[in-house]
Structure formats: structure tokens, C-alpha cells
Amino acid sequence: MASGRLWQMIRCRGARPGILLQMMLAPRATTEDRPLGGHSESPDVRCAAPGRHAHLAAASPSPQHHLAASRRHDTLAASRRHDTHVSPPSGRTDVSVCGVSLVVNTFSDDMDVSHPRVIKDCLIHIFTFLDQTDLITASSVCQDWHEAAETPWLWRRMCLQRWGFCNAAVVGCEHQRPSWKRYCLRRSQLEERMTQGRAGSDFTCKSLRGHTGRVVGLVYLKSTATQFSDVCSGNATICTASTDGTVRAWDVPKGEQLWCSPVQSPLTSMVCDGEHGVVVTVDSTGLVKTWQGQTGVEVASYATGSPHCSLLQCNINNRSFLSVGTNQGFVSTLVGPALSLSSRLAVCDSFPVNLLLLSPDKKWVLAASKDNANFSPKCTPFFDGSTPRLLSSSPRFPSDVDIVIYAESLTSVSEEEEEEEQDEPRCQCLPVTACQAAVFMATRPARLATIHPLDHRSADKALTVLDVNMKKTKYKSEIQVQQVASSTLTLKCRASEILLEAKDSSTLVVAADLELWLYSLQGVCLASFKNHTEPISSISVDSFRVVTASRDLSLRVLTWRKDGDNGLSLENRYHLLGGSHTMSRGFTHVACDYSSIVASAEGRDGKDVLKVYTFTS
């Protein structure tokens, strides 16, 4: 369908639906521009007057055109006075409207194109070719077009084509019926404002004070299932953990503190169990605690006896699990929220386990130490049971190799394994050394990307991409690790801390020192950005944007865009400033949901402040 011809009909507000439908559905219809009044420009077809009938006005028409249009208007009016329905002739018809020649394939006599059901069904199909703005404009043409354009299926289809994932449970707003159209318009408006980032008109900034120490953890209290609930409800809660020994919850839109936990030993880490509305913290003594996110009530605790633990939370088959990497090289698996011990595995004896990751299919766990330059990955499964089991009391892996622990399942033991009563977990080395950063690709079951030194003597970095799977035969199961790609990265930085995130299945976001890079899995640098004057301390990556936090007390917002055959790329948008350098040393953490950005600024007086940027629609 020619878009120009469609818009001639859409902008003609008073035309009869039956005639317009014939013109739109004509597969061989063409539009030829003819000179009008000595001008060679294309005619400007527009609405001349509202009502059931309206003639079309062309730019600079001659008096003959005005006379012809007037006669056509009188003829149509007369036909409506004498006949309730004028059947269109069948076959091919040449129609000339204000100098525009339309060749129309009309319907046969046995098809009633004026039947409401036929009109609406055809209009709905035609409207699938329109974008959001055009669909809204088309809905104002007449009642039939309005009813067709309001069809929920059209807006649901548009949402899924644009964003891929939309949670129908949160479509709509409080005290209003769920509406795909409202969801689409609200989310589009939010994205437009997050793209522009104009202070005052697009977002508001608030400072939240209360902590008397450093903020060590910052999480949104929500699950993946409700990640877009704030698009309509405008509600968001964040929880923070600090070295002052308190956990605090904050209402993001209102900028108010909801609750504060009793003071304990300085906290070191925090994760969130959004599906159960629980936050998990660990302090400097190794005491793990769970808290109700809405009330701040302590649920359970577990003493690991190790300082500086790392946490990994997951939900499998409606059960909550927490893996804890300790400073002594152990990984303990707890069943939450009661935190009962399920299993304990010794990984290494010389280095802490401070890198824990879960694969998207929830079958594999990577555990590693970033403190050891000679620590190499292996794989082993964790199993949960009614009785806590010591899977390994001594280190399974030599201390001079990098290690990645592979877990087949966190929740169940196969019948074969129960019969064999296997005490030692199966494991597999991965062909990388000195893992400095790792991430599972979001849309792959278990594809792992790692960044590590090219060799022990070189400062260059290498990118290795691995697929991990379990091959099962009749008699045994075998862990298989396949190298998908390996390349040398062009990272020109001295920073030992490398931040690595994944976008979809083929794009990596890498931040180190002052720069941000975009890489393919083959190690091709797609784009690079140097927006900060101080090192990048934290990044947040979602389906719409990337936000970098820096020690220069600024946030940089970049949005995703399609770059033709090259796939995805990023586009620089704007800076969000965090205040005065006389009061703060820079940003240390950043987190985002769909309508807000929250970052923690390190105070020079030892009291960190939260900066909340809320986008409105």
C-alpha cells in the first residue's frame, strides 16, 4: 500500500467509509500528480470541513476544479437523500479528485463493503501498517476508524513489536481498567523524556540523606515480573546498605525514608529477592540476614564466620536459594528466606570467592576469585537436600589455577545421583586464567563471556566466550565446555577493575578507567566513549539505555539504537550532575528502573547521599 495514498484518505475527515475502504484496499491503485493551475508541485490534499461529506481542496486549484468539486458534493448529497446505500460498481474505476487520478479496483456486487464487520476487520488489518502517531491520527477520522484504531490487539501488537517484552499484569493504572494503548503511550512518553533529559521538564532530582557511613549496596525492591510496573503506577522502592550498620528503604517518587533497621556491624554487601519481597545483607563478621522489604522486619540470619562474603540470590521452582562465597574459599548454599544450610563446597584455600554468577537457564553457577591472577575456572554442581551436606571439606582445585564452579542444578538431585549417593561433585576446568570479569549472555541458556589477561606477563586483555552444557547418555552425564570465540581486546587502560555487562545475545558493554566500550562476541570494537574526567565506578545496563557513574560526580546516559547491519550501538545523550565537589568525592553506585535513576555519592564527611532522578510522564 502506498503510504501517500493512505494519508490522503486519512486526512479526508468526512469521506464515506465504504468509498475510502475501496481506495485503501485497491491492490493496483496508483496516484499520479498532475499540474494544477500552472504549478508542478504535488497537490496538498487536506480536510476542508468536518462532517459526513467533505470535498478535497488542492493547492491553487482553477475555477473549473472548484465547480467540479461542487457538483460532486451536490451529487453525493442527492444520492444520500434518495438512497440509503449506493452500491459501487465492480471492476476498475478511474476517479479524478481535484486533479489527482485514482485508479480503484472496486468490489464485486455480491460483497457488501458497507457492512460494519467487514469495514472494521479490514481497517484493523490496514492499521497494522501504521505507527503509534499515525494510528492516533487515524482514530480521529470518523467513528468507524476510531473504533478500529481502539482495538486492544493493535496496541498489544505494537507494544510487543517495539519492546519485545511487556507484562500484561501491570498494563493499566490504579483505579483504571487495564489498557494496552495507555501502556504504550505512557511508556513511549517516558522513553522520550529519558532520551531528552531536560532538567525540570523531563525529570526532577532529589537528595536523600540518612546514612552516616558509606553506601555498599543499592537495589530496587522488585522482581523481573514487575520490572515495568512503574510505567503505570509510578511506585518504586529502593533499599540501601551502609557501613553504618543499617539497612534503609526509600520511596523513590516521594523521596522519603520508609524504614531503618537496627544498627549492627558494618554491612559489606546486599542483594534482593524481588519475588518474595526480601532483601539479604551480610556484615563484616559474616552474619547473613534477610529483611522484609516493605516493613523492615528481620526474617532470619545465618553466621558464615567469614568476613567480606559475596552473595548470589536466585529463585528456582518457586523456592529461594542464596549462595554465599566466603573469604576462606567456600561456597555455601542456603534455602531462603529461613536461611537453612543446604550444601557447602570448598573451592580453594588461598583466595576468597568474590565472583558468583547464575546462568539465565538457572542450571549453572560460576564462582571465581578476582584476587588471584593464577586462578582458573572449573565446574561443579550444587544440590539441595533435606539434610545439609558437606560436598567437599578440602579444596577441590589447586590454588594456582583460576576456577569457575559449574552447577547443574540448585534444587534437585536426579534419581541416578541419589542411587549412587555421590559425595563429590562433578567439576570441569574452563580454558581461561585470571578471570577479571565475567557475565552470562542474557538470551542464551549458558553462554559465558570472560575477560582475563592475555598471558601472565602481558597487560593486554583477552575475551573468551564459552558455552556450557550437560551431555547425558544412558550410563553417565558429562559436562561439556565449548569455546565459541577468543580474541584480544583493545583496552587501553591501567585500571585493575573492569566492569562487564551484556546486552541481548551478542553485545558486551565494558567499562574501565575513563572509557566505555561496546564489543561484539568476536572482540570487534563497535563503539567507544570517553565522557568522564575521572574513573567509571559503576554501570547500569537495561533494554533502553546504559548509565555510567563516575568519580567526577556525574552520570552519563546513553541510549540503544540500531546501527544497520552492524547491529546495536549506543548514542550519547546527556549528563546528570551530582552536586558540588566540595561536599562529595564522586558517585560509587548506580541503579535504574524504568522511570528513575538512583546513585550514591560518597560524602567527604563520611556520610553518603543518594541522588534520585525521577522521570515523569
Side-chain angles (χ1 to χ4, degrees), residues 207-221 237-250 252 257-274 278-291 293 296 298 301-313 322-327 352-357 369-371 437 496-499 501 511 535-540 547-551 553 555 578 583-592 597-612:
S207 298
L208 306 183
R209 292 178 171 86
H211 283 299
T212 59
R214 306 293 185 211
V215 172
V216 296
L218 173 64
V219 294
Y220 277 87
L221 185 65
T237 301
I238 58 170
C239 294
T240 55
S242 171
T243 56
D244 63 11
T246 64
V247 183
R248 299 173 189 259
W250 314 80
V252 173
Q257 179 176 298
L258 300 177
W259 53 265
C260 176
S261 70
V263 179
Q264 61 183 90
S265 299
L267 299 176
T268 59
S269 184
M270 165 188 276
V271 293
C272 176
D273 179 3
V278 172
V279 291
V280 185
T281 61
V282 60
D283 63 21
S284 57
T285 66
L287 182 62
V288 180
K289 288 187 177 183
T290 55
W291 313 83
E298 181 181 334
S301 63
Y302 177 82
T304 64
S306 171
H308 307 294
C309 296
S310 57
L311 303 175
L312 173 65
Q313 194 280 329
L322 179 70
S323 294
V324 183
T326 68
N327 217 34
V353 177
N354 50 22
L355 178 60
L356 290 172
L357 296 174
S369 176
K370 295 188 290 185
D371 295 346
S496 58
E497 181 69 16
I498 298 177
L499 305 175
E501 296 289 344
I536 298 174
S537 55
S538 179
I539 61 175
S540 175
V547 181
T548 59
S550 171
R551 284 289 183 174
L553 201 55
L555 305 175
M583 303 293 294
S584 303
R585 291 191 175 95
F587 284 121
T588 57
H589 299 81
V590 65
C592 304
I597 300 174
V598 181
S600 60
E602 183 180 343
R604 292 187 179 275
D605 58 356
K607 301 178 181 178
D608 286 6
V609 178
L610 299 179
K611 293 290 184 179
V612 179

Looking at every non-hydrogen atom in both residues, tell me the closest pair between Gly213 and Ser242 and how far apart they are.
C-OG, 3.4 Å

Evaluate the criterion side-chain contact (heavy atoms from CB on, under 4.5 Å) for residue pair Val353 and Ser369; output intermediate values, then yes/no.
CA-CA 5 Å; Val353 177; Ser369 176; 5.8 Å; no

Work out which heavy atom in Val288 is nearest to a heavy atom in Val280; give both atom names and the distance.
CG1-CG1, 3.7 Å

Are Val271 and Val219 packed together at the side-chain level, in the sense that at least one heavy-atom pair is separated by less than 4.5 angstrom?
no

Looking at Cys309 and Val324, what are the two nearest heavy atoms and their distance?
CB-CG1, 3.8 Å

For Gln264, enumerate each residue passing the side-chain hydrogen bond (donor to acceptor under 3.5 Å, both in side chains) test, keeping only those at least two apart in sequence or located in another chain.
Asp283

With sequence neighbours excluded, what pairs up with Ser261 under the side chain to side chain contact (heavy atoms under 4.5 Å, CB included) test?
Thr246, Val247, Trp259, Trp291

Gap separating the CE atom of Met270 from the CG atom of Leu311, nearest 0.5 angstrom:
10.0 Å

Quick one: side chain to side chain contact (heavy atoms under 4.5 Å, CB included) partners of Arg604, sequence neighbours excluded?
Arg585

Just jot down the side chain to side chain contact (heavy atoms under 4.5 Å, CB included) partners of Ser584, sequence neighbours excluded, or say none.
Leu553, Ala601

Residue set satisfying side-chain hydrogen bond (donor to acceptor under 3.5 Å, both in side chains) with Ser310, at least two apart, ordered chain then number -> none

With Lys289, which residues qualify under salt bridge (Lys or Arg N to Asp or Glu O under 4.0 Å), at least two apart?
Glu298

Decide yes or no for Arg551 and Thr588: does some side-chain heavy atom of the first lie under 4.5 Å from some side-chain heavy atom of the second?
yes

Can you list the residues that meet the side-chain hydrogen bond (donor to acceptor under 3.5 Å, both in side chains) rule with Ser207, with sequence neighbours excluded?
Lys611

For Cys239 and Ala249, work out which heavy atoms get closest and say how close.
SG-CB, 4.0 Å

Within the 3.5 Å criterion, strictly below it, is a donor on Ser284 or Thr268 matched to an acceptor on the partner's side chain?
no

If only atom types and distance count, is the side chain of Ser600 paired as donor or acceptor with the main-chain N or O of Leu610 below 3.5 Å?
no

Side-chain touch His308/Pro352, heavy atoms, less than 4.5 angstrom:
no

Any residue meeting side-chain hydrogen bond (donor to acceptor under 3.5 Å, both in side chains) with Thr240, in chain and number order, not counting sequence neighbours:
His211, Trp250

Would you indicate whether the side-chain heavy atoms of Val279 and Asp273 approach each other to under 4.5 Å?
no

Would you please name every residue forming a side chain to side chain contact (heavy atoms under 4.5 Å, CB included) with Ala549, sequence neighbours left out?
Ser537, Ser538, Leu555, Phe587, Val590

How far apart are the closest heavy atoms of Leu356 and Leu312, and which atoms are they?
CB-CB, 3.8 Å

Which atoms form the tightest heavy-atom contact between Thr548 and Ile539, and what is the distance?
CG2-CG2, 3.8 Å

With distance as the sole test, does Ser306 use its side chain to make a donor-acceptor pair with the main-chain N or O of Asn327 at under 3.5 Å?
yes

Please step through side-chain contact (heavy atoms from CB on, under 4.5 Å) for the pair Leu218 and Ile238, ending with a clear verdict.
CA-CA 7 Å; Leu218 173 64; Ile238 58 170; 4.1 Å; yes

Qualifying residues under salt bridge (Lys or Arg N to Asp or Glu O under 4.0 Å), relative to Arg214, sequence neighbours excluded:
Glu602, Asp608

